[in-house]
2 protein chains.
Amino acid sequence: MSGKPAQKRVSAGVAAVDDRSVAARLFAILDAFAAPAGATSLTLTLTAIAQRAGLPLSTTHRLVAEWVGWGGLSKHENGQYSLGMKLWELGVQTPTARNLRTIALPYLEDLYETTREHVHLAILDGRDALYLEKLSGHHAVRLISRVGARLPLHSTGVGLVLLAYAPSDVVQQYLATSLQRFLPRTVTEPEAVRKRLAEIRLLGLARMSEEMTAGSSSIAAPIRDRTGQVVAAVSIVTRTTDTIDAEQERAVRVAAQGVSRALGYRRAQQ
Amino acid sequence: MSGKPAQKRVSAGVAAVDDRSVAARLFAILDAFAAPAGATSLTLTLTAIAQRAGLPLSTTHRLVAEWVGWGGLSKHENGQYSLGMKLWELGVQTPTARNLRTIALPYLEDLYETTREHVHLAILDGRDALYLEKLSGHHAVRLISRVGARLPLHSTGVGLVLLAYAPSDVVQQYLATSLQRFLPRTVTEPEAVRKRLAEIRLLGLARMSEEMTAGSSSIAAPIRDRTGQVVAAVSIVTRTTDTIDAEQERAVRVAAQGVSRALGYRRAQQ
DNA sequence: AGACATGCTTCCATCCAGTGGAAGTTCTGG
DNA sequence: CCAGAACTTCCACTGGATGGAAGCATGTCT
């Protein structure tokens with residue numbers, strides 16, 4: 001998630017001592033496996049883990065053995081390591097992910113059936129849109145999104161929706177840093193983004209076109225919980241066309257409302 | 001996954017000392033969150049974690065703080081803890097789960113659309129069927145299965161298929177222990193199970209009826225990889241009827257074959 | 001309100017578990 | 001067959017982890 005801040009404390013200007021607790025070292029080892037971008041999941045050799053985690057080989061060896069013993073990592077025949085099934089098992093039990101997914105999935109399936117397009121479900125996590133679920137058919141457009149991916153808020157449909165309904169200090173902070181331009185049409189100018197957010201709030205829907213991936217557009221809508229707060233966003237990603245497809249927009253709205261209702265939301269107005 | 005083997009070493013017959021390494025203690029804390037059965041995901045207080053992990057409160061406090069700092073656990077307003085988003089993020093990157101799921105999902109969706117029944121995808125892990133994916137509509141039968149669940153091999157459709165194609169020593173070991181009877185129709189007698197496994201291998205399909213959950217039946221088929229080995233199983237779970245639905249069986253077969261082909265399997269015979 | 005109980009957080013002297021350099025072992029490939 | 005890289009094991013040293021105890025913060029009973 002970050003560079004390599006291998007915390008070293010230089011004592012008396014001679015040797016550099018590693019400050020990290022045992023726990024931090026164990027975590028650093030897992031972090032070594034965090035897939036960088038839209039990349040395929042990693043398998044690493046012991047040495048590679050040691051380098052990425054900034055740990056001596058022997059220490060790595062011992063700690064990796066602990067992970068393997070527990071099931072957090074698994075060792076393959078060829079001597080490479082990868083994330084283990086135990087992590088998956090615990091991971092899917094994470095309440096936010098599990099509850100939202102379980103409730104939303106039937107509606108996402110409906111949306112997929114009626115539109116035959118990529119369907120995304122994402123939440124706001126830190127400064128990113130975190131993709132909880134993704135459904136796609138056999139022949140859909142190639143996308144960088146995948147379950148577990150983190151994508152920017154200003155260049156994705158779900159991201160903009162999440163930002164539109166986020167607390168103002170989050171918006172403030174997000175727009176304070178310079179936003180990356182992925183394609184010519186990516187909107188990166190803070191004031192322009194703010195204007196868009198207002199439109200999205202007004203319309204209850206976001207339309208994006210050619211801002212992250214060439215040739216694809218998206219339509220996204222907010223999901224609210226019992227308290228009316230926006231907790232997630234659904235979207236479909238389609239091949240770009242010049243016309244606005246009212247039918248698709250309706251389908252996305254229906255899906256978002258369905259999930260919201262299932263979460264206990266009873267619309268106040270609108 | 002197990003009881004509570006809080007490894008204590010009694011030295012000189014006086015105090016009991018905890019043998020576990022720091023890593024083992026950290027893992028014990030996460031294991032405290034492993035959902036017991038088909039239960040809803042847990043949130044625990046510090047004290048509860050300490051008890052379940054068999055650790056002193058102050059130690060638990062410190063180690064839990066480490067987990068929270070990393071994101072493996074998260075602390076709620078009410079002071080309760082639950083599994084954190086980071087675990088989910090890493091968990092979904094686990095190669096087996098990720099690759100299989102990505103490839104299989106479109107076919108599972110097709111299967112769901114044609115049958116409108118619960119669709120399951122499971123792999124063999126240890127002595128259990130581990131459920132990787134589950135699709136269900138709005139009004140499907142209530143089931144205990146869920147993503148990440150572990151269910152017995154002898155009483156579920158996917159389980160029986162996985163067992164049918166498992167190495168003989170796995171079958172041997174599995175049948176060596178006494179099999180739990182969930183309902184009157186659950187087959188628990190080793191020789192009867194063996195006979196069933198042979199039938200499944202012959203037919204390339206398993207039919208189960210009222211053996212795990214009252215009122216529900218299932219049809220399951222094997223998924224093979226490039227090497228021809230069975231690596232997973234798909235199933236649909238339906239309300240029990242007296243007639244064999246050839247259409248449904250065909251749909252399950254088609255789905256299983258579709259995934260197998262996508263995994264690189266080119267059928268040798270059959 | 002007061003008192004008791006329960007649960008969480010902080011502190012710190014003790015000591016043993018974790019550390020990592022180095023030596024030994026296995027694997028690779030020229 | 002040997003060099004070199006990658007992995008595994010060993011073990012003396014030491015500083016980080018430990019956990020009992022005391023201090024806080026809530027909740028709830030009379």
Side-chain angles (χ1 to χ4, degrees), chain A residues 4-30 32-33 42-70 72-82 84, chain B residues 4-30 32-33 42-70 72-82 84:
Chain A
K4 217 181 295 167
Q7 322 286 357
K8 299 266 180 176
R9 175 184 56 191
V10 179
S11 58
V14 188
V17 191
D18 194 330
D19 255 23
R20 290 175 287 180
S21 65
V22 184
R25 290 165 204 225
L26 281 164
F27 300 153
I29 285 175
L30 274 208
F33 286 87
L42 289 177
T43 84
L44 299 173
T45 64
L46 190 65
T47 313
I49 299 172
Q51 278 172 353
R52 284 165 168 257
L55 291 171
L57 196 59
S58 52
T59 303
T60 309
H61 183 257
R62 199 163 14 81
L63 295 183
V64 163
E66 298 262 20
W67 277 119
V68 172
W70 182 65
L73 291 178
S74 63
K75 188 177 188 172
H76 301 238
E77 332 69 49
N78 55 25
Q80 303 241 7
Y81 294 87
S82 67
Chain B
K4 217 179 297 166
Q7 324 283 356
K8 299 267 181 175
R9 175 184 55 192
V10 178
S11 59
V14 188
V17 190
D18 193 331
D19 254 25
R20 291 176 288 179
S21 65
V22 183
R25 289 165 205 225
L26 281 164
F27 299 155
I29 285 175
L30 274 209
F33 286 88
L42 289 176
T43 84
L44 298 173
T45 65
L46 191 65
T47 314
I49 299 172
Q51 278 171 353
R52 284 165 168 258
L55 292 170
L57 195 60
S58 52
T59 303
T60 309
H61 183 257
R62 199 160 17 80
L63 295 184
V64 163
E66 297 261 19
W67 277 119
V68 172
W70 182 65
L73 291 179
S74 62
K75 187 177 189 171
H76 300 239
E77 331 70 49
N78 56 24
Q80 303 240 4
Y81 294 88
S82 67

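Per chain, numbering begins at 1; letters A, B, ... match sequence-line order. Because the structure is predicted, anything quoted here is derived from the model rather than measured.
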TODO: Enter the distance from Gln51(B):CD to Leu46(B):CG here, rounded to the nearest 0.5 Å.
DONE: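 Separation between the atoms: 10.5 Å.
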Open item on the list: Give me the atom names and distance for the closest heavy-atom approach of Ala32(B) to Leu44(B).
Closed with: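 Taking Ala32(B) first and Leu44(B) second, the nearest heavy atoms are O-CD1, 3.6 Å.
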Roughly how many Å is it from [atom1] in [X] to [atom2] in [N], rounded to a whole number?
X	N	atom1	atom2	result
Gln51(A)	dA6(D)	CD	C1'	11 Å
Glu66(B)	dG16(D)	CD	C1'	11 Å
Leu57(A)	dT9(D)	CG	C1'	12 Å
Arg62(B)	dG19(D)	CZ	C1'	8 Å
Asn78(A)	dA6(D)	CG	P	15 Å
His61(B)	dC24(D)	NE2	P	15 Å
Tyr81(A)	dA6(D)	OH	P	14 Å
Gln80(A)	dC27(C)	CD	C1'	14 Å

Task: 4.5 Å side-chain heavy-atom contact, Leu30(B) and Leu73(B) - done: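 Leu30(B) reaches Leu73(B) side chain to side chain.
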Open item on the list: Judged by each residue's nearest nucleotide on DNA chain D, which is more toward the 5′ side, Leu63(B) or Thr45(A)?
Closed with: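 Here Thr45(A) is the residue nearer the 5' end.
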Task: 5′-ward residue of the pair Lys75(A)/Val22(B) relative to DNA chain D - done: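 Final value for this comparison: Lys75(A).
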- [ ] Give a yes/no answer on whether the side chain of Arg25(B) brings an N or O atom under 4.0 Å of OP1 or OP2 in dT18(D).
- [x]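 So the side-chain polar atoms of Arg25(B) do come within 4.0 Å of the phosphate oxygens OP1 or OP2 of dT18(D), strictly under.
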Task: OP1 or OP2 of dA17(C) under 4.0 Å from side-chain N/O of Ser21(B) - done: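 For dA17(C), neither OP1 nor OP2 has a side-chain N or O of Ser21(B) closer than 4.0 Å.
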Open item on the list: In terms of relative ring orientation, are Trp67(A) and Phe27(B) parallel, tilted or perpendicular, with 30° and 60° separating the classes?
Closed with: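 Tilted, since the angle between the ring planes falls between 30° and 60°.
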